[in-house]
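What you are looking at is a predicted structure, and each value in this text was computed from that prediction instead of being measured. Note on naming: letters A, B, ... go to the chains in the order of the sequence lines (proteins, then strands), and numbering restarts at 1 for each one.
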2 protein chains.
Amino acid sequence: MAEKKAYHHGDLRAALIEATRQLVEEKGPDSFSVSDACRLAGVSTAAPYKHFKDKNEMLVAVVLEGMARHRANMLSALQEFPEGSPERITAIGMEYVAFAMNEPGVFRLKFGGFTDRIADPRLEEGGQQSFGILLSEVAKCLGESRITEEVRRRGFLLWSFVHGLSFILRDRGLADKGEEFDLHDLLKDVSERMLK
Amino acid sequence: MAEKKAYHHGDLRAALIEATRQLVEEKGPDSFSVSDACRLAGVSTAAPYKHFKDKNEMLVAVVLEGMARHRANMLSALQEFPEGSPERITAIGMEYVAFAMNEPGVFRLKFGGFTDRIADPRLEEGGQQSFGILLSEVAKCLGESRITEEVRRRGFLLWSFVHGLSFILRDRGLADKGEEFDLHDLLKDVSERMLK
DNA sequence: TGTCAAAGTGAGAAGTTCTAACATATGTTA
DNA sequence: TAACATATGTTAGAACTTCTCACTTTGACA
């Protein structure tokens, strides 16, 4: 069970993912180094390569784990409101933005420009899943039984907005441009304009 | 005039900025290395440090230059439409998205998560300038003579949307989610919804 | 119990950023 | 116009990266 100085770690893979996540938040994804993660996990710098192909795979693992959490958060935020109510759209948006602000490192890792290096099909798939959640809510709000072209269009517009808002608030913080506005009001306002 | 093997380069600073810009587009900002830029410019790896404090300053220089170009593009796109017409808002948006798609590397460098490392006041200032252009157009469209709270609010919403749209299109390309939609239609649609 | 695969380690190759000491042009200024 | 100060290069190298290789340790199971 890995007392103190066990040669085998127990679950080094998970430990490295957590160390990576932590460092990505602390120092930012672009300053993250595998060696740092090793120091934090207390293993040699060669150890990660038994669990991950390379540095990128470590980062991908962190993003995948983060996306799963993100998706779970959105789904649970949803359930506080009755089926088909427009508040559910707002709730998704709130959760999306909250993730960007609470985990800026992971958010950036996913969306903010590592997509060239991190081009894993599982990431694409995860993104589609999240988008699907939104689409099905939009459909209900528009009184459609299936994902029509118009539903996709409105969903795409809403997604763009919330995505951009998340970046801006993550970068500048509410303090700068957003504090003057109430986040929930903004999201409600936009949802209404988009669903009308 | 730097014939062939002149010891002094002529304008190494500019040459390095261009080399950096080029490499950032080619390989992505996170894979950019100073050494690559040196090879491309044909100088030793120590040369850049006579012109830039460090790697970050090189990247900042590229972003500043890109932002100036971006701003100029937006202003010139604007002038194709009469003062106060809503098409001017759409034109700004088109230009914003076009920049993201034409220069994804620089766009990402500016917005996509290097803001921790690249926290230069000149960048913030440049961003405010661009936002100012949008705000003054929004004011005119709403028939306001000055930048009211409501103008800021609408401008902020529009900006968020276009910003998010740019990221999504840059990441996925029109091919994936956007091709089904006409970009100009989307922007026009949103502008109308937001200014109503 | 013995063997084998899994999961660690240390050493080191190749590449990175950046500094220090040195070399060479350029342009004032005596 | 010679000489010096300064700007702009270079080479060498220190300290760091990522990742590989050959090796060791350990747990599992035949």
Engineer: Looking at C:dA6, I'd like to know if its phosphate oxygens (OP1 or OP2) sit under 4.0 Å from a side-chain N or O belonging to A:His51.
Structural biologist: no
Engineer: Can you identify which nucleotide, out of D:dT10, C:dG8, D:dT17, has its nearest atom closest to the A:Ser35 side chain?
Structural biologist: D:dT17
Engineer: Given atom CG of B:Leu12 and atom P of C:dT24, what is their separation to the nearest angstrom?
Structural biologist: 18 Å
Engineer: What is the nucleic acid contact for B:Ser44, judged by heavy atoms within less than 4.0 Å: base, sugar-phosphate only, or nothing?
Structural biologist: base
Engineer: Determine, for B:Glu192 against B:Lys196, whether the closest basic-nitrogen to carboxylate-oxygen distance falls under 4.0 angstrom.
Structural biologist: no
Engineer: Checking side chain to side chain contact (heavy atoms under 4.5 Å, CB included) between A:Val63 and each of A:Lys110, A:Arg108, A:His70, A:Met58, which is the one that passes?
Structural biologist: A:Lys110
Engineer: Between A:Arg13 and C:dG8, does any side-chain N or O lie under 4.0 Å from OP1 or OP2?
Structural biologist: no
Engineer: So, are B:Arg21 and B:Glu18 salt-bridged, with charged N and O less than 4.0 Å apart?
Structural biologist: yes
Engineer: Go through it in stages, so that I can follow the logic: the residues are B:Glu150 and B:Arg154, the test is salt bridge (Lys or Arg N to Asp or Glu O under 4.0 Å), and I'd like the CA-CA distance, side-chain angles, deciding distance and then a yes or no.
Structural biologist: CA-CA 6 Å; B:Glu150 187 60 20; B:Arg154 306 284 187 104; 2.6 Å; yes
Engineer: Can you check the B:Asp11 CG to C:dT26 C1' distance for me, whole Å?
Structural biologist: 15 Å
Engineer: What integer distance in Å separates B:Phe32:CZ from C:dG15:P?
Structural biologist: 17 Å
Engineer: N/O contacts under 3.5 Å, protein versus nucleotides 18-20 of chain C?
Structural biologist:
residue	atom	partner	partner atom	Å
C:dC18	OP2	B:Tyr49	OH	3.2
C:dC18	OP2	B:Lys55	N	2.8

Engineer: To the nearest Å, give me how far apart NZ (A:Lys50) and P (D:dT18) are.
Structural biologist: 18 Å
Engineer: In whole Å, what is the span from the CD atom of B:Glu57 to the P atom of C:dT17?
Structural biologist: 15 Å
Engineer: Rounded to the nearest Å, what distance is computed from the CG atom of residue A:Asp30 to the C1' atom of nucleotide D:dT17?
Structural biologist: 15 Å
Engineer: Considering non-hydrogen atoms only, spot the tightest contact between A:Phe32 and A:Leu23 and give its length.
Structural biologist: CD1-CB, 3.9 Å
Engineer: Just compare C:dT16, D:dT17, C:dT9 and give me whichever is closest to any side-chain atom of B:Arg39.
Structural biologist: C:dT16
Engineer: Report the distance from atom NZ of A:Lys27 to atom P of D:dT17, rounded to the nearest whole Å.
Structural biologist: 10 Å
Engineer: Under 4.0 Å between a side-chain nitrogen and a carboxylate oxygen: does that hold for A:Arg69 and A:Glu65?
Structural biologist: yes
Engineer: Tell me which donor-acceptor pairs under 3.5 Å the side chains of residues 82-94 of chain B have, and how far apart each pair is, sequence neighbours excluded?
Structural biologist:
residue	atom	partner	partner atom	Å
B:Glu83	OE1	B:Lys140	NZ	3.3
B:Ser85	OG	B:Pro82	O	3.0
B:Ser85	OG	B:Glu87	OE1	3.4
B:Arg88	NE	B:Glu137	OE1	2.8
B:Arg88	NH1	B:Phe81	O	2.9
B:Arg88	NH2	B:Glu137	OE2	3.1

Engineer: A:Leu16 CG to D:dT18 P: how many Å, rounded?
Structural biologist: 13 Å
